[in-house]
**Student:** 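First the structure, which I've put down as structure tokens, then a few questions once you've had a look.
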Amino acid sequence: MAVSVQLKNQHLLWRAGFGPAVEQWNDLNKTSPVKLYEALEKASRKEPMPIKVANNFVDGLMNGVDGIRRTEMTQEQRQQMQKKSREDIRNLNLEWLDEMVNSEQQLREKLAFFWHGHFACRNLNSLYQQELLRVIRANALGNFGTLLKEVSRSAAMLAFLNNQQNRKQKPNENFAREVMELFTMGRGNYTEKDIKEAARAFTGWQFKLDGEFIFRANQHDDGTKTVLGRTGNFDGDDILDLLLEQKQTATYIANKMYKFFVNEEVDREKVTWLADRFYKSGYEIKTILKDIFTSDWFYEEKNIGSRVKSPVDLLVGIRRSLPMQIENEDAQLFLQKVLGQILFYPPNVAGWPGGFNWIDSSSLMFRMRIPQLMATKEAFQFKAKSDDDQEMGRAGKMPGRVVQTTIKWEPALKQLEKTSREQLLSNIASLVWQTDSSKMNKATVEKFVDASSRERYIQTAIIQLMCTPEYQMC
């Protein structure tokens, strides 16, 4: 099929953001994708709205609780602090989710979401997680080298990758290994000797209780090291600079961005082109984004509707199409858990695998029920694991949960007010689906649509079209 301007712009809004907001529906065929991308980039230039939830936890961390110093706390008091931190991380999750839904800076939040998976970090200290999120959102569209260095100095990442234990004559290789394998060059592009030597360079990279980075010179190995064929008295910054000098780093990042923003099936020729320009730009993230989102090949039919929406993409996209008031916001955390992607709780340092790993027969059926759950307040049940990090302080078999929402239908009704009754279902499908809506079986869909009034027809048609396999793709 020929790809329409409307479908191209939907494709762009899903890949460079979290899908079109309902208010954008009638404008999808009124501008070119290049101009729409320019508007997205311009909207994301200003500083991101700060997200701060851990202030009280900071006071307790630094000053103790009820006048009791942290080192003198009882086990129960320490558990209370840990509980407070988990609550803060839940709040951080929900506030960031709201930013993804409501912010005009869709490009910035989508890139921050990408880097959140790239620099995957599970840390139960809400202050450290909050600061890492600030670093990622602030640098999401900036320079990759700057982002890499700031993330590498963050308390969250240094703690998660055990660099507090990396000391002179007792090196811990975990941090150096993951920086090479997952953050820059990718597996197979360095030796075990390179890791051992780089780990020595990162000795002394630590942080204070409040999360501030500190270099402890007395714990740093200041001897000569040889890494990637270069020899010198390297420290951590030297190693990061050395990794950025390797064109393989640009290739690794370009390959990962292609899979995330374009297609899981990688076109090596295009990745090579992207990596070359990214490297020559000095790792300016806006350069590679512009090259992706303004290239004709990005809008080829094979790339449209080719990716399974991540759980976060799915939940945020539904809320952008169906503005709603959620009375029990915590229900979104349980939806994330059932779907397998809880913000700030990646499965490991490699992040979420993505692609078709998101779905199997049972998860697909549940994903397809979510719009209906939100519209009807139907209860859903699941059995949680025993208490662990991902429980966020809750454990055991959970009772039935209800997503208590009030959907604001007025924007959708207004967007569709000029559409004839005969064209309603086809028009809604073209706005909701990222696949060829002309192949829709109208008779099957209309069996589940309430035709008692135009308003009810629109409402139920939108819900039913969202409860399809086609809606799972973007």
Side-chain angles (χ1 to χ4, degrees), residues 2-48 99-115 118 136-144 147 250 253-264 266-267 270-271 273-278 280-307 309-310 312-313 316-317 320-321 430-431 433-434 473-474:
V3 181
S4 67
V5 171
Q6 174 179 303
L7 188 53
K8 287 180 179 179
N9 285 333
Q10 282 181 280
H11 178 56
L12 173 62
L13 289 171
W14 271 110
R15 299 300 177 85
F18 295 91
V22 63
E23 292 84 1
Q24 296 175 297
W25 282 1
N26 281 340
D27 296 326
L28 290 171
N29 58 3
K30 295 180 180 178
T31 188
S32 71
V34 170
K35 288 185 177 180
L36 179 56
Y37 173 73
E38 290 172 351
L40 287 171
E41 192 275 326
K42 183 178 180 180
S44 293
R45 289 177 189 170
K46 58 186 177 181
E47 290 296 313
E99 277 298 301
M100 294 176 185
V101 172
N102 299 312
S103 176
E104 293 183 356
Q105 299 187 54
Q106 284 289 291
L107 184 63
R108 179 181 294 279
E109 299 303 339
K110 189 57 174 274
L111 263 293
F113 179 53
F114 168 76
W115 295 124
H118 180 75
I136 287 174
R137 292 175 72 230
N139 294 282
L141 299 173
N143 183 274
F144 175 71
L147 174 61
I253 299 299
N255 187 78
K256 195 164 186 179
M257 294 184 87
Y258 188 96
K259 292 181 71 174
F260 186 89
F261 292 107
V262 184
N263 200 311
E264 290 278 337
V266 173
D267 185 318
K270 291 180 174 60
V271 166
W273 178 76
L274 289 169
D276 183 60
R277 291 171 58 81
F278 187 40
K280 288 178 179 177
S281 76
Y283 290 97
E284 291 299 325
I285 297 168
K286 287 181 183 178
T287 296
I288 192 170
L289 294 180
K290 184 176 181 180
D291 283 343
I292 290 172
F293 294 128
T294 63
S295 291
D296 290 341
W297 48 259
F298 174 73
Y299 300 95
E300 291 176 357
E301 183 180 350
K302 66 181 180 180
N303 295 325
I304 295 177
S306 64
R307 297 193 76 248
K309 293 173 184 172
S310 72
V312 169
D313 278 315
V316 174
R320 285 178 62 76
S321 292
S430 72
L431 293 167
W433 286 358
Q434 275 280 284
M473 309 299 293
C474 70

**Student:** How close do Ser306 and Arg15 get, heavy atom to heavy atom, and via which atoms?
**Tutor:** OG-NH2, 3.3 Å
**Student:** Can you run down the side-chain hydrogen bond (donor to acceptor under 3.5 Å, both in side chains) pairs that involve residues 3-13, sequence neighbours left out, and say none if there aren't any?
**Tutor:** Gln6-Ser430
**Student:** With distance as the sole test, does Gln106 use its side chain to make a donor-acceptor pair with the main-chain N or O of Met100 at under 3.5 Å?
**Tutor:** yes
**Student:** Search all heavy atoms of Ala140 against all heavy atoms of Ala112 and return the closest pair with its distance.
**Tutor:** CB-N, 3.8 Å
**Student:** Once you measure the plane-to-plane angle for Phe144 and Phe278, does it fall in the parallel (<30°), tilted (30-60°) or perpendicular (>60°) bin?
**Tutor:** tilted
**Student:** Nearest 0.5 Å, what's the CG-CG distance between Leu289 and Leu111?
**Tutor:** 4.5 Å
**Student:** Rounded to the nearest 0.5 Å, what's the gap from CD on Glu38 to CG on Leu36? Could you check?
**Tutor:** 9.5 Å
**Student:** In Å, rounded to the nearest 0.5 Å, how long is the span from CD1 of Ile292 to CD1 of Ile288?
**Tutor:** 5.0 Å
**Student:** Among residues at least two apart in sequence or on other chains, which ones pass side-chain hydrogen bond (donor to acceptor under 3.5 Å, both in side chains) with Trp115?
**Tutor:** none
**Student:** Is any side-chain heavy atom of Leu274 closer than 4.5 Å to one of Met257?
**Tutor:** no
**Student:** Give a yes or no answer on whether the side chain of Ser295 reaches the backbone of Phe298 with a donor-acceptor pair at less than 3.5 Å.
**Tutor:** no
**Student:** The criterion is side-chain hydrogen bond (donor to acceptor under 3.5 Å, both in side chains); which residues satisfy it with Lys309, sequence neighbours excluded?
**Tutor:** none
**Student:** Okay, side chain of Ser103, backbone of Gln105: is any donor-acceptor separation there less than 3.5 Å?
**Tutor:** yes
**Student:** Between Leu12 and Tyr299, is there a side-chain heavy-atom distance shorter than 4.5 Å?
**Tutor:** yes
**Student:** For Glu41, enumerate each residue passing the salt bridge (charged side-chain N to carboxylate O under 4.0 Å, His left out) test, keeping only those at least two apart in sequence or located in another chain.
**Tutor:** Arg45, Lys286
**Student:** Go through the structure and list residues passing side chain to side chain contact (heavy atoms under 4.5 Å, CB included) with Val271, not counting sequence neighbours.
**Tutor:** Ala254, Asn255, Tyr258, Val266
**Student:** Which atom names give the shortest non-hydrogen contact between Ile285 and Asn139, and what distance separates them?
**Tutor:** CD1-O, 3.7 Å
**Student:** Side chains of residues 16-29: which donor-acceptor pairs under 3.5 Å do they make with residues two or more places apart or in other chains?
**Tutor:**
residue, atom, partner, partner atom, Å
Gln24, OE1, Ala21, N, 2.7
Asn26, ND2, Gln415, O, 3.0
Asn26, ND2, Gln415, OE1, 3.3

**Student:** How would you list, by chain and number, every residue that makes a salt bridge (charged side-chain N to carboxylate O under 4.0 Å, His left out) with Glu264, sequence neighbours excluded?
**Tutor:** Arg307
**Student:** Is there a donor-acceptor pair under 3.5 Å between the side chain of Arg137 and the backbone N or O of Arg108?
**Tutor:** no
**Student:** With Phe261, which residues qualify under ring-ring contact (aromatic ring centres under 6.0 Å, His included), at least two apart?
**Tutor:** Phe114, Phe293
**Student:** How about Leu7 and Gln434: do any of their side-chain heavy atoms sit closer than 4.5 Å?
**Tutor:** yes
**Student:** Taking only residues two or more places apart in sequence or in another chain, which ones pass side-chain hydrogen bond (donor to acceptor under 3.5 Å, both in side chains) with Lys270?
**Tutor:** Asp267
**Student:** My understanding is that only residues two or more places apart in sequence, or in another chain, count here; which of them pass side chain to side chain contact (heavy atoms under 4.5 Å, CB included) with Thr294?
**Tutor:** Val34, Tyr37, Lys290
**Student:** Who are the side-chain hydrogen bond (donor to acceptor under 3.5 Å, both in side chains) partners of Lys280, not counting sequence neighbours?
**Tutor:** Asp276
**Student:** Return the set of residues passing side chain to side chain contact (heavy atoms under 4.5 Å, CB included) with Asn143 (not counting sequence neighbours), or none when no residue passes.
**Tutor:** Thr146, Tyr283, Glu284
